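Worksheet: one structure, shown below.
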Number of protein chains: 2
Amino acid sequence: MVKTAFRDVRESMRRKILDGEWAPGELIPNEAVLAEHFGCARATVNRAMRELADEGLVERKRKAGTRVRQTPRRRAQFDIPIVRREIEARGQRYRYALVERAVSAPPDWLRARMGLGPEGRVIHVTATHYADGNPYQYEDRWINLAELPAAETADFTASGPTEWLIATVPFSDAEISFSATAADAELARHLGCAPGDPLFLSERSTWWQGGAITYVRLVFQRGHRMTTRY
Amino acid sequence: MVKTAFRDVRESMRRKILDGEWAPGELIPNEAVLAEHFGCARATVNRAMRELADEGLVERKRKAGTRVRQTPRRRAQFDIPIVRREIEARGQRYRYALVERAVSAPPDWLRARMGLGPEGRVIHVTATHYADGNPYQYEDRWINLAELPAAETADFTASGPTEWLIATVPFSDAEISFSATAADAELARHLGCAPGDPLFLSERSTWWQGGAITYVRLVFQRGHRMTTRY
DNA sequence: CAGTGGTCTAGACCACCCA
DNA sequence: GGGTGGTCTAGACCACTGC
């Protein structure tokens, strides 16, 4: 086993908080005192406490000391899956089908969204992702050719733009949002649902080294749920 | 300024990865070498590297060393807001209105969802949250009276069950999920939208010390978006 | 001003796990 | 078996900030 002193200390402190021994708002003994209490070095207490602070359970300030948060911060964390892996991880067969691909000038709403200038061209790719033969997700993607000229010659017939981007752009910042929309005629056709059906969707804008790379709208089959624990 | 050696080292390493100097899949020099390279202690490199690993940018294994991830793990993190604060943070006026409150035996679907036995009672509270006078969120909450008998005498007329729970239960584990649904007649009435409108919703089940505490369904006004960066 | 947390160091031990 | 990361320690310096 790896040494676990800091975990033990952390969990021990967590218990004191959860059990109310250290009440919300209360000042916790300082690191030196705790180190002696737990029979370890101050650095060990520091690491344990830092993790509790990262979690949002306590709040630390120099001189003022460490306090139990009145309201523990609540955060949820999601893994953003690649649709192929998401489907295959559930033991289903993945299939990809390109719907359309076109190069054009960016529409106004996209220029606003990605912060593009009036010049420039984008490639627009739409595709459907299937799980066991059933439509699972409809992808509507725009790629900024000014930043990624190679996208113009990329082949999106066999695999999707997501996988091409992942292989091409090593890493990126992104803004992601989730919402609900009603299926229009086109979505209904591609997803095999009824027009008007409520659909869960995810939108993502991605930047790399300050430049806008891509915007994608992923609409899921009706009934889709995104779940996590925290 | 606080000392920033580990941050400098971390960002320096991040750049090497983002710029491709350390390519995906590639083995990174070991900690001892890096410590010498950066002119710092190995512990400093270790902390920097550990944070990159937490981020999902690199993968570490004893003996095998540290590698740049082929596909950086993509994670999104959301703060789960308390609706009152969410609204007030946007400078809008918050108003709460209790719709109904009733004590009963748990319906079957709830028993399944929360893992409740056939015995026991639950309190069911529905309420609407308003921003600047407009319906913002409809809350449909169930609280397990076996775990939280005090809920039966709690007053939910002035403020919502969420705030009562936060003040009562110090901390908890939760499972949260997001999806889309169509407004039924009741939702349409409470949210002031049309029946059939696509609505974004969040569901959360909460446990405390192994016991199921509460299940809540929060349905947002149409057009709602949940956004984050990563 | 002085107490507290934030950080760094040099050294050490060892669990893990690939070769 | 041996190299690598994981962790701990004891000590140190200091930025920050409440008093």
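These numbers were taken from a predicted model, which means no experiment stands behind them. Note: hydrogens, waters and symmetry copies are ignored here, and every other heavy atom, side chains too, is used. Letters A, B, ... are given to chains in the order of the sequence lines, protein chains preceding strands, and every chain is numbered from 1.
Cation-pi check for B:Arg229 over A:Trp207 is met; the charged atom lies under 6.0 angstrom from the ring centroid and within 45 degrees of its normal.
The distance between atom CD1 of A:Ile28 and atom C1' of C:dG5, rounded to the nearest whole Å, is 13 Å. Going from atom CD of B:Glu59 over to atom P of C:dC18 covers 11 Å, rounded to whole Å. The separation between A:Phe6 atom CZ and C:dC14 atom P is 19 Å, rounded to whole Å. Separating the CD atom of B:Glu51 from the P atom of C:dC8 is a distance of 10 Å, rounded to the nearest angstrom. Rounded to whole Å, atom P of D:dG11 lies 16 Å from atom CD of A:Glu31. In this structure, the CG atom of A:Leu27 is 12 Å from the C1' atom of C:dG3, given to the nearest Å. For A:Glu36 and D:dG11, the CD to P distance is 13 Å, given to the nearest whole Å. One atom, CG of B:Asp8, and another, P of C:dG6, lie 18 Å apart when rounded to the nearest Å.
The phosphate of D:dT7 has OP1 or OP2 within less than 4.0 Å of a side-chain N or O from A:Arg7. Checking the phosphate oxygens (OP1, OP2) of C:dG5, no side-chain nitrogen or oxygen of A:Arg50 falls inside 4.0 Å.
When distances are taken from the side chain of B:Asn46 to each of C:dC18, D:dT7, D:dA10, the shortest belongs to D:dT7. Among the nucleotides C:dT7, D:dG6, D:dG18, the one closest to any side-chain atom of B:Arg47 is C:dT7. The side chain of B:Cys40 approaches C:dT9 more closely than any other nucleotide in the set C:dG5, D:dT9, C:dT9. Relative to the side chain of B:Arg62, the nucleotides C:dG5, D:dA10, D:dT4 differ in distance, and D:dT4 lies closest. Candidate nucleotides D:dC8, C:dG5, D:dG6 were compared by shortest atom distance to the side chain of A:Asn30, and C:dG5 ranks first.
A:Arg42 comes within contact range of at least one nucleobase, with a heavy-atom separation under 4.0 Å.
Ring-centre distance between A:Phe200 and A:Phe178: below the 6.0 Å cut-off. For B:Phe78 and A:Phe78, the gap between ring centers is short of 6.0 Å. Note: A:Tyr138 and A:His129 fail the aromatic proximity criterion, with ring centroids not under 6.0 Å apart.
For the pair A:Asp19 (side chain) and A:Glu21 (backbone), a donor-acceptor distance under 3.5 Å is absent.
Comparing A:Ala43 and A:Lys63 by the nucleotide of DNA chain D whose heavy atom lies nearest to each, the residue mapping closer to the 5' end is A:Ala43. Between A:Pro29 and B:Gly39, the residue anchored nearer the 5' end of DNA chain C, judged by the nucleotide with its closest heavy atom, is A:Pro29. Summary of the strand contacts: A:Ala64 and A:Thr44 both lie near DNA chain D, and taking for each the nucleotide with the nearest heavy atom, the more 5' one is attributed to A:Thr44.
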